[in-house]
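Below: one structure, written as structure tokens.
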Amino acid sequence: MSTIDSLKDRTTPVFSPDDVTVLFVLGGPGAGKGTQCERLVARYGFSHLSAGDLLRAEQNRPNSEFGDLIRHHIRNGLIVPMEVTIALLEAAMRQVLDASSSPSSPSGNGTPQKKGKFLIDGFPRKLDQALKFEEAVVPARFVLFFDCPEDEMERRLLQRGRTSGREDDNAESIRKRFRTFVETSMPVVDYFESQGRVVKVDARPAPDDVFEATQAELAKRLSDDVVS
């Protein structure tokens with residue numbers, strides 16, 4: 001059975017939330033998610049997984065069975081099938097956990113205990129992705145949502161596009177991405193907010209100020225062993 005088929009059939013998470021902390025990091029294109037994730041990694045030791053970066057790497061990997069499919073979806077501002085994205089995220093998480101597990105910290109069954117804390121950036125993009133990830137991989141603690149108006153995000157992205165080399169950093173693709181985010185990702189935020197699992201941060205100020213506000217919110221929500 002392929003990885004994708006196995007994922008479709010799975011109904012029990014492969015990781016325990018007692019051992020693996022996941023924060024979904026959402027915000028419109030250009031809201032500054034990547035910048036804030038870099039700072040959270042440096043300050044607290046999170047592992048940062050960008051769904052977009054994983055997809056872009058996979059589309060360029062030689063002989064990738066998903067390369068053409070991913071390329072088409074990204075170019076047209078569409079969401080890649082969730083099984084592909086979740087499989088890439090799970091594989092990346094396993095790689096981090098395998099590298100960090102310590103034989104000196106055995107679990108109850110005598111195997112090395114694998115603990116980790118992850119920022120998953122730009123995912124889930126749709127509610128079905130969120131539900132499947134929590135069902136098959138691990139429940140997230142909450143959504144960290146960087147809230148920013150579209151005009152400010154467009155200004156940032158057009159400025160980035162001058163040097164990024166990313167084919168989707170152009171005005172037409174940017175506006176497609178905005179529409180996709182509003183139509184598909186905001187329902188994710190609304191769903192988690194209905195469960196009291198959203199931390200909303202104003203992303204308009206300077207990055208230093210956004211980070212200070214983010215730290216204050218995380219301190220309220222996470223235990224000291226996660227954000228010490």
Side-chain angles (χ1 to χ4, degrees), residues 1-27 29 33-34 36-38 40-42 44-75 78-103 105-107 109 111-144 166 168 180 184-185 188 192 226:
M1 181 181 291
S2 72
T3 302
I4 301 300
D5 289 336
S6 174
L7 187 65
K8 285 181 178 179
D9 294 340
R10 193 190 307 155
T11 57
T12 303
V14 293
F15 304 125
S16 166
D18 294 335
D19 297 328
V20 176
T21 298
V22 166
L23 308 185
F24 291 144
V25 184
L26 294 179
K33 301 183 299 295
Q36 296 304 318
C37 284
E38 287 176 6
L40 290 168
V41 168
Y44 299 114
F46 281 95
S47 296
H48 175 208
L49 300 179
S50 164
D53 287 350
L54 289 171
L55 289 166
R56 281 185 285 274
E58 184 68 16
Q59 76 172 343
N60 294 321
R61 187 172 63 84
N63 302 316
S64 167
E65 63 178 303
F66 307 123
D68 289 340
L69 179 149
I70 294 171
R71 196 173 298 110
H72 169 78
H73 281 70
I74 289 179
R75 184 179 296 123
L78 302 172
I79 293 175
V80 173
M82 68 172 177
E83 292 84 6
V84 174
T85 307
I86 293 174
L88 294 175
L89 286 167
E90 182 185 333
M93 291 173 69
R94 286 188 183 280
Q95 188 173 20
V96 171
L97 292 168
D98 287 345
S100 63
S101 62
S102 171
S105 302
S107 63
N109 60 12
T111 59
Q113 194 164 16
K114 299 179 180 180
K115 288 183 174 286
K117 48 189 180 182
F118 296 89
L119 302 171
I120 299 188
D121 170 6
F123 178 93
R125 299 281 301 279
K126 291 177 65 179
L127 186 54
D128 60 349
Q129 292 183 348
L131 298 176
K132 187 60 185 177
F133 183 94
E134 293 203 311
E135 176 186 56
V137 183
V138 68
R141 293 287 184 92
F142 53 78
V143 169
L144 179 58
R166 281 179 51 171
D168 57 344
T180 299
T184 62
S185 295
V188 176
F192 278 88
V226 176

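All values below come from the heavy atoms of this structure, side chains included, with hydrogens, waters and symmetry mates left out.
Here the straight-line distance linking atom OH of Tyr44 with atom CG of Leu23 works out to 11.5 Å at 0.5 Å rounding. A distance of 5.5 Å separates NE2 in His72 from CG in Leu78, rounded to the nearest 0.5 Å. The CG atom of Asp121 lies 10.0 Å from the CG atom of Leu89; values are rounded to the nearest 0.5 Å. Note that CG of Asp98 is 4.0 Å distant from NZ of Lys114, once rounded to the nearest 0.5 Å. Rounding to the nearest 0.5 angstrom, the gap separating the CD1 atom in Ile74 from the CZ atom in Arg56 is 6.0 Å. Here Arg141 contributes atom CZ and Lys117 contributes atom NZ; the two are 10.5 Å apart, rounded to the nearest 0.5 Å.
Annotation for Leu49 and Ala92: closest pair CD2-CB, 3.8 Å, computed over non-hydrogen atoms. Residues Ala51 and Thr85 come closest through the heavy atom pair CB-CG2, 4.1 Å. For the pair Pro124 and Ser185, the tightest heavy-atom approach, listed with the atom from each and the gap, is O-OG, 4.3 Å. Summarising the geometry of Val20 relative to Val138, their closest heavy-atom pair is O-CG2, 4.0 Å, with the distance given to 0.1 Å. The heavy-atom pair separating Pro81 from Leu69 by the smallest distance is CD-CD2, 3.5 Å.
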### Task
For side-chain contact (heavy atoms from CB on, under 4.5 Å), just list the numbers for Phe123 and Met82, CA-CA rounded to whole Å, side-chain angles, deciding distance to a tenth of an Å, and then say yes or no.
CA-CA 10 Å; Phe123 178 93; Met82 68 172 177; 5.7 Å; no

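Within the 4.5 Å cutoff, the side chain of Leu7 has heavy atoms near those of the Arg10 side chain. At least one side-chain heavy atom of Met93 sits less than 4.5 Å from a side-chain heavy atom of Ile120. The closest side-chain heavy-atom distance from Ile70 to Val84 is below 4.5 Å. Side-chain contact between Val25 and Gln36 is absent, with no heavy-atom pair separated by less than 4.5 Å. Between Thr180 and Arg125, some side-chain heavy-atom pair lies under the 4.5 Å cut-off. The shortest side-chain heavy-atom distance between Val22 and Phe15 does not fall under the 4.5 Å cut-off. With a 4.5 Å cut-off on side-chain heavy atoms, Phe46 and Val226 count as touching.
Gln129 places no side-chain N or O within 3.5 Å of a backbone atom of Ile86 that could act as its donor or acceptor partner.
Among Asp18, Asp19, Thr21, the one residue that satisfies the side chain to side chain donor-acceptor pair (under 3.5 Å) test with Lys115 is Asp19.
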